[in-house]
2 protein chains.
Amino acid sequence: MMELTRKGEYAIRGIVYLAGKPLDKVCLLSDIAAAVDVPPTFLAKIFQQFSKIGLVKSFRGTGGGFMLGREPENITLLEVVEAVEGPIMPNRCVAAPTDCERSGFCNVHPVWRRVQGEVRSVLGGVTLKELSAAK
Amino acid sequence: MMELTRKGEYAIRGIVYLAGKPLDKVCLLSDIAAAVDVPPTFLAKIFQQFSKIGLVKSFRGTGGGFMLGREPENITLLEVVEAVEGPIMPNRCVAAPTDCERSGFCNVHPVWRRVQGEVRSVLGGVTLKELSAAK
DNA sequence: CCAAAAAAGACTTTATATATCTTTTTATGA
DNA sequence: TCATAAAAAGATATATAAAGTCTTTTTTGG
Ligand code: SF4
Ligand code: SF4
């Protein structure tokens with residue numbers, strides 16, 4: 001339970017790398033993948049998703065590549081993680097309480113809602129700017 | 001990411017049911033499974049695990065069944081979840097930082113440690129006694 | 001038009017989740 | 001002591017999701 005997938009891990013590595021570059025710098029996928037040690041074909045898929053929702057901008061053809069879609073101080077880790085993993089969802093009843101007919105009298109249900117809230121709060125409090133900053 | 005498995009969900013349902021019974025009452029697996037709407041064979045596997053670590057006590061043969069291993073106010077949801085799902089681990093580097101050679105300079109790493117801490121804190125703050133109490 | 005690069009889609013492989021079934025062991029009590 | 005009840009143990013099956021690769025297509029700059 002509760003474990004980030006490789007896809008999620010790779011996504012974060014890739015987008016944090018972009019966040020560390022100037023906003024107008026176009027980066028080659030192959031360079032990014034090599035720098036953050038991720039299979040290039042896999043990262044390609046991830047960035048395609050990100051491109052659709054504007055998290056990154058992509059440019060095709062010669063001289064093409066990727067750059068961050070917005071200022072890194074305006075993108076939270078929560079946004080990145082949910083984009084690639086789906087909503088933070090400790091238990092399915094958090095999304096769809098009606099799916100479980102026990103949710104009406106279940107004392108566990110609210111606990112999962114709290115867990116969701118805490119996780120979202122931590123991830124939502126961290127921006128790509130902070131993550132890309134050198135220590 | 002972050003989703004409890006059926007096994008985890010079933011485990012909680014089963015043990016919370018036990019927590020709602022007197023500590024000396026032996027419950028039939030088939031009764032528990034029916035009451036909490038879980039496949040009996042699956043619940044059997046889960047309770048076998050729990051029995052080994054003392055979370056529940058089991059009795060074989062005629063008149064056998066299960067009861068809670070300790071007072072419900074001394075068992076936290078965290079203990080139950082970790083028993084069945086393994087340690088709360090938002091990212092693998094939290095368990096084994098040395099596995100990732102980036103952990104030395106990674107700014108994301110400490111975020112996952114915070115997530116782990118928050119989740120453990122929420123789950124650790126809830127006992128089976130509270131969960132079994134009628135609303 | 002050519003070459004570079006991302007987009008899109010199909011496909012493979014591997015691992016994990018979700019069970020079920022059969023056999024064995026243990027305990028009770030008639 | 002024998003029949004029966006019940007859990008333990010182990011094997012097996014199926015489905016789903018994760019992880020990764022490959023091929024073809026589209027876009028763009030020069
Ligand atoms: S029993 Fe409670 S915790 Fe489990 S799925 Fe239903 S509402 Fe959620
Ligand atoms: S890159 Fe950072 S967050 Fe990702 S696994 Fe390594 S240490 Fe953990």
Using 0.5 Å steps for rounding, measure from the [atom1] atom of [X] to the [atom2] atom of [Y].
{"X": "B:Lys129", "Y": "B:Asn74", "atom1": "NZ", "atom2": "CG", "answer": "10.0 Å"}
{"X": "B:Ser58", "Y": "B:Phe66", "atom1": "OG", "atom2": "CZ", "answer": "5.5 Å"}
{"X": "B:Leu43", "Y": "B:Asp37", "atom1": "CG", "atom2": "CG", "answer": "11.5 Å"}
{"X": "A:Leu4", "Y": "B:Arg92", "atom1": "CG", "atom2": "CZ", "answer": "9.0 Å"}

Exercise for review: Would you indicate, yes or no, if D:dA7 has its OP1 or OP2 atom less than 4.0 angstrom from a side-chain nitrogen or oxygen of B:Ser51?
Suggested key: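 Answer is no, no contact under 4.0 Å.
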Decide yes or no for [X] and [Y]: does some side-chain heavy atom of the first lie under 4.5 Å from some side-chain heavy atom of the second?
{"X": "B:Val126", "Y": "A:Asn107", "answer": "no"}
{"X": "A:Trp112", "Y": "B:Leu123", "answer": "yes"}
{"X": "A:Val38", "Y": "A:Ile46", "answer": "no"}
{"X": "A:Phe47", "Y": "A:Leu18", "answer": "yes"}
{"X": "B:Glu82", "Y": "B:Ile88", "answer": "yes"}

Figure out the [atom1]/[atom2] separation between [X] and [N], and round it to whole Å.
{"X": "B:Gln49", "N": "D:dA7", "atom1": "CD", "atom2": "C1'", "answer": "15 Å"}
{"X": "B:Leu4", "N": "C:dT16", "atom1": "CG", "atom2": "C1'", "answer": "15 Å"}
{"X": "B:Phe50", "N": "D:dA8", "atom1": "CZ", "atom2": "P", "answer": "13 Å"}

Exercise for review: Mind running a 4.0 Å heavy-atom check of residues 79-90 of chain B against DNA chain D and sending the residues that fall below it, in number order?
Suggested key: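 Listed by number, there are none.
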Point to revise | Strand-adjacent residues in residues 25-44 of chain B, judged by heavy atoms under 4.0 Å from DNA chain D | key: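 B:Leu28, B:Leu29, in order of number.
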Check your understanding: What is the minimum heavy-atom distance between A:Val94 and A:Met89, and which atoms define it?
Key -> CB-SD, 3.6 Å
Practice item. Using heavy atoms and a sub-4.0 Å distance, could you list which residues of residues 6-15 of chain B are near DNA chain C? By number, please. Key: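 Only B:Arg6, B:Lys7, B:Tyr10 qualify.
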Does [Y] offer a backbone N or O that forms a donor-acceptor pair with the side chain of [X] under 3.5 Å?
{"X": "A:Glu73", "Y": "A:Thr127", "result": "no"}
{"X": "A:Gln116", "Y": "A:Pro90", "result": "no"}
{"X": "B:Gln49", "Y": "B:Val84", "result": "no"}
{"X": "B:Ser132", "Y": "B:Leu128", "result": "yes"}

Show the distances under 3.5 angstrom between N or O atoms of the protein and N or O atoms of nucleotides 26-30 of chain C.
from   : atom 1 : to      : atom 2 : distance (Å)
C:dT26 : O4'    : B:Arg60 : NE     : 3.4

Practice item. Classify the nucleic acid contact of A:Phe47 as base, sugar-phosphate or nothing, counting any heavy atom under 4.0 Å across all strands shown. Key: nothing
Check your understanding: Base, sugar-phosphate, or nothing: which does A:Lys52 touch, judged by heavy atoms less than 4.0 Å apart?
Key ->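 Here A:Lys52 touches the backbone only, sparing every base.
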Check your understanding: Tell me the salt bridge (charged side-chain N to carboxylate O under 4.0 Å, His left out) pairs involving residues 6-31 of chain B, sequence neighbours left out?
Key -> B:Glu9-B:Arg13
**Study point:** Test side-chain contact (heavy atoms from CB on, under 4.5 Å) applied to A:Val36 and A:Tyr10, step by step
**Key:** CA-CA 8 Å; A:Val36 300; A:Tyr10 294 163; over 6 Å; no
Tabulated below should be each protein N or O lying under 3.5 Å from an N or O of nucleotides 10-14 of chain D; please produce it.
from   : atom 1 : to      : atom 2 : distance (Å)
D:dG10 : N7     : B:Lys45 : NZ     : 2.7
D:dG10 : O6     : B:Lys45 : NZ     : 2.9

